[in-house]
Structure formats: structure tokens, C-alpha cells
Amino acid sequence: YYICKSGSWVTATALEYDTYGWNAGTEGEMKPGSVVAANHYVFENGAWRASADEIEYNLGVCVTSRLNEVGKSGDVYYTCKSSGWTLSSVLEYDTYGKTCSEDGSIVGGEVVAENKYVCDAGVFRTANNREISLNKGCVSYTKNDVIRKQIYEGRDSIYTCKNSGWVGSVEIYIVYGNI
């Protein structure tokens with residue numbers, strides 16, 4: 001295949017001959033080549049380009065409107081970032097689609113339910129063991145909150161949310177009855 005450039009015929013690239021005659025597409029549109037259907041092309045930033053890789057082919061194009069979206073290709077999770085599809089952290093894929101609206105709330109993972117996360121200032125972070133046992137995160141919104149948890153009859157622990165997390169103390173109660 002040849003293409004006329006600057007008044008002379010030169011060998012056309014796969015992109016040039018596979019997309020010859022195509023009109024502009026919509027941002028993120030992907031389609032197979034006109035000559036070699038195994039080649040895939042993406043319309044991005046006003047022009048057609050070769051599809052980057054199998055991940056992009058499986059998940060679609062990572063465009064601005066899809067930023068922070070999580071997708072799965074094979075057994076691997078990816079997150080759409082400004083640099084393209086990147087490997088997702090456990091936090092990214094396990095909290096994807098969950099709403100973080102109540103600071104201090106604890107939620108289970110979307111993929112691994114045993115994983116626990118705390119809503120902290122509108123984003124999730126991994127919950128620590130104390131937060132999990134108290135079922136409440138220690139965040140700026142819950143600072144100075146107090147939780148009382150019974151250890152066993154007559155003995156409670158009292159936890160206060162401080163800058164460093166939940167700080168606990170043990171309080172013993174003596175129950176007096178009629179003699």
C-alpha cells in the first residue's frame with residue numbers, strides 16, 4: 001500500500017492504509033482496521049491511533065470520562081488513570097462502586113468481603129484492627145468520640161478517638177446487690 005505525501009508516493013503505514021477514508025469518530029471509539037481486521041484503532045484527541053495493547057482492547061479506551069473506573073482483564077484489575085490503564089491496588093478495585101458518604105463508617109470489600117475499609121473525608125482507606133473491632137473509624141470527623149465496649153460482665157473498655165487513633169482504657173464496674 002502506498003500513499004501520496006508531499007507530491008510523491010511512499011509506503012503507507014498500517015495506520016494510514018487501515019484507516020484510509022475514515023471520518024472522525026467519537027472520543028474513545030474503537031474499531032478494527034479496514035484492511036487487517038486484527039488491527040484495532042482508537043479515536044482519541046481528534047485522530048485515529050493504533051490500539052495500545054490487549055488490555056485496552058479488552059477494557060476499551062481509557063479516556064477522561066472514564067478516569068478512576070476499574071476494569072478486569074483476565075484475572076487482573078486495572079484502573080483508568082491519566083496515563084492509561086494501570087494495575088489497580090487492592091483498595092482501588094475492592095472499593096470501586098462503593099459510596100463514601102459517612103465519615104468513620106466501615107464497609108466490606110466489593111471483591112474480598114473480609115477486607116474492611118474506613119470512609120475518611122470522602123475517600124476510603126484500609127481499616128485497622130481496632131477500627132474493625134469497634135466497627136467505627138477514627139477520623140477527623142469522629143475525633144473525641146467515645147465508644148464503650150463490654151469485655152465481660154462487670155468490665156468495659158472505653159475508647160476515645162484521638163489524633164493517633166482509638167485510645168482505650170479499662171473500666172471496672174462493681175455491682176452491689178442486697179445482702
Taking atom SG of Cys138 and atom CG of Asn163, what is their separation to the nearest 0.5 Å?
8.0 Å
For Cys119 and Ser101, the nearest pair of non-hydrogen atoms, with its separation, is SG-N, 3.7 Å
Give the minimum heavy-atom separation between Pro32 and Ala37, together with the two atoms involved.
CB-O, 3.3 Å
Counting the benzene-type ring for Trp, do Trp9 and Tyr2 have ring centres under 6.0 Å apart?
no
For Gly137, does its backbone N or O pair with a side-chain atom of Thr142 as donor and acceptor, under 3.5 Å?
yes
So which heavy atom on Leu59 is nearest to which on Lys72, and how close?
CD2-O, 3.3 Å
Ion pair check, Glu131 and Arg125, cut-off under 4.0 Å
yes
If hydrophobic clusters are built by linking Ile, Leu, Val, Met, Phe, Trp and Tyr wherever their side-chain heavy atoms come under 4.5 Å apart, do Ile106 and Tyr141 end up in the same one?
yes
Would you say Asp94's side chain and Glu110's backbone share a donor-acceptor pair under 3.5 angstrom?
yes
Is Arg49 paired with Glu56 through a side-chain N to carboxylate O contact shorter than 4.0 Å?
yes
Taking the six-membered ring of Trp22 (Phe, Tyr or Trp), confirm whether the NZ or CZ of Lys31 is under 6.0 Å from its centre and within 45° of its axis.
yes
Taking every heavy atom of Asp120 against every heavy atom of Asp103, the minimum-distance pair comes out as C-OD1, 3.7 Å
Of all heavy-atom pairs between Ala127 and Val118, which one has the smallest distance, and what is that distance?
CB-CG2, 3.4 Å
Tell me whether Ser88 contacts the main-chain N or O of Thr79 through its side chain, where contact means a donor paired with an acceptor under 3.5 Å.
yes
Counting distance only, does the side-chain N/O of Thr13 pair as donor-acceptor with the main-chain N or O of Glu16 below 3.5 Å?
yes
Is the shortest heavy-atom distance from the side chain of Leu87 to the side chain of Tyr77 under 4.5 Å?
no
Is the side chain of Lys98 donor-acceptor paired with the backbone N or O of Gly108 at a distance under 3.5 Å, no angle test?
yes
When you check the gap from the basic side-chain N to the acidic O, do Glu102 and Lys136 get nearer than 4.0 Å?
no
Could you state the interatomic distance from CG (Asn128) to CD1 (Ile132), rounded to the nearest 0.5 Å?
7.0 Å
Derivation of the side chain to side chain contact (heavy atoms under 4.5 Å, CB included) call for Asp156 and Lys149:
CA-CA 6 Å; Asp156 288 357; Lys149 186 173 182 178; over 6 Å; no
Counting C-beta onward and ignoring hydrogens, is there a side-chain heavy-atom pair between Ile3 and Tyr17 closer than 4.5 Å?
no
Tyr96, Val90: one ILVMFWY side-chain cluster at the under-4.5 Å cut-off?
yes
Thinking salt bridges, do Glu92 and Lys81 make one under a 4.0 Å N-O criterion?
yes
Give the cluster check for Val112 versus Val70: same hydrophobic cluster or not, with ILVMFWY residues linked at side-chain heavy-atom distances below 4.5 Å.
yes
Can you name the closest pair of heavy atoms from Gly46 and Glu27 and give their distance?
N-OE1, 4.2 Å
Evaluation steps, side chain to side chain contact (heavy atoms under 4.5 Å, CB included), between Ile147 and Trp166:
CA-CA 9 Å; Ile147 294 178; Trp166 290 107; 3.6 Å; yes
Judged by atom type as modelled, is there a donor-acceptor pair below 3.5 Å linking the side chain of Asn58 to the main-chain atoms of Ser73?
no
If you define the side chain from C-beta out and look only at heavy atoms, does anything of Val146 sit under 4.5 Å from Ile158?
yes
Going only through I, L, V, M, F, W and Y residues with side-chain contacts under 4.5 Å, is there a path from Val42 to Ile55?
no
Just do the side chain to side chain contact (heavy atoms under 4.5 Å, CB included) check on Tyr41 and Leu15 with the steps written out, would you?
CA-CA 8 Å; Tyr41 300 92; Leu15 175 65; 3.4 Å; yes
One should read off an interatomic distance between Cys161 SG and Lys143 NZ, to the nearest 0.5 angstrom, of 8.5 Å
Does the pair Val61 and Trp85 meet the rule for a side chain to side chain contact (heavy atoms under 4.5 Å, CB included), with working shown?
CA-CA 8 Å; Val61 183; Trp85 290 107; over 6 Å; no
When hydrophobic residues are tied together by side-chain contacts of less than 4.5 Å, even through go-betweens, does Leu67 share a cluster with Tyr78?
no
In terms of relative ring orientation, are Tyr117 and Phe124 parallel, tilted or perpendicular, with 30° and 60° separating the classes?
perpendicular
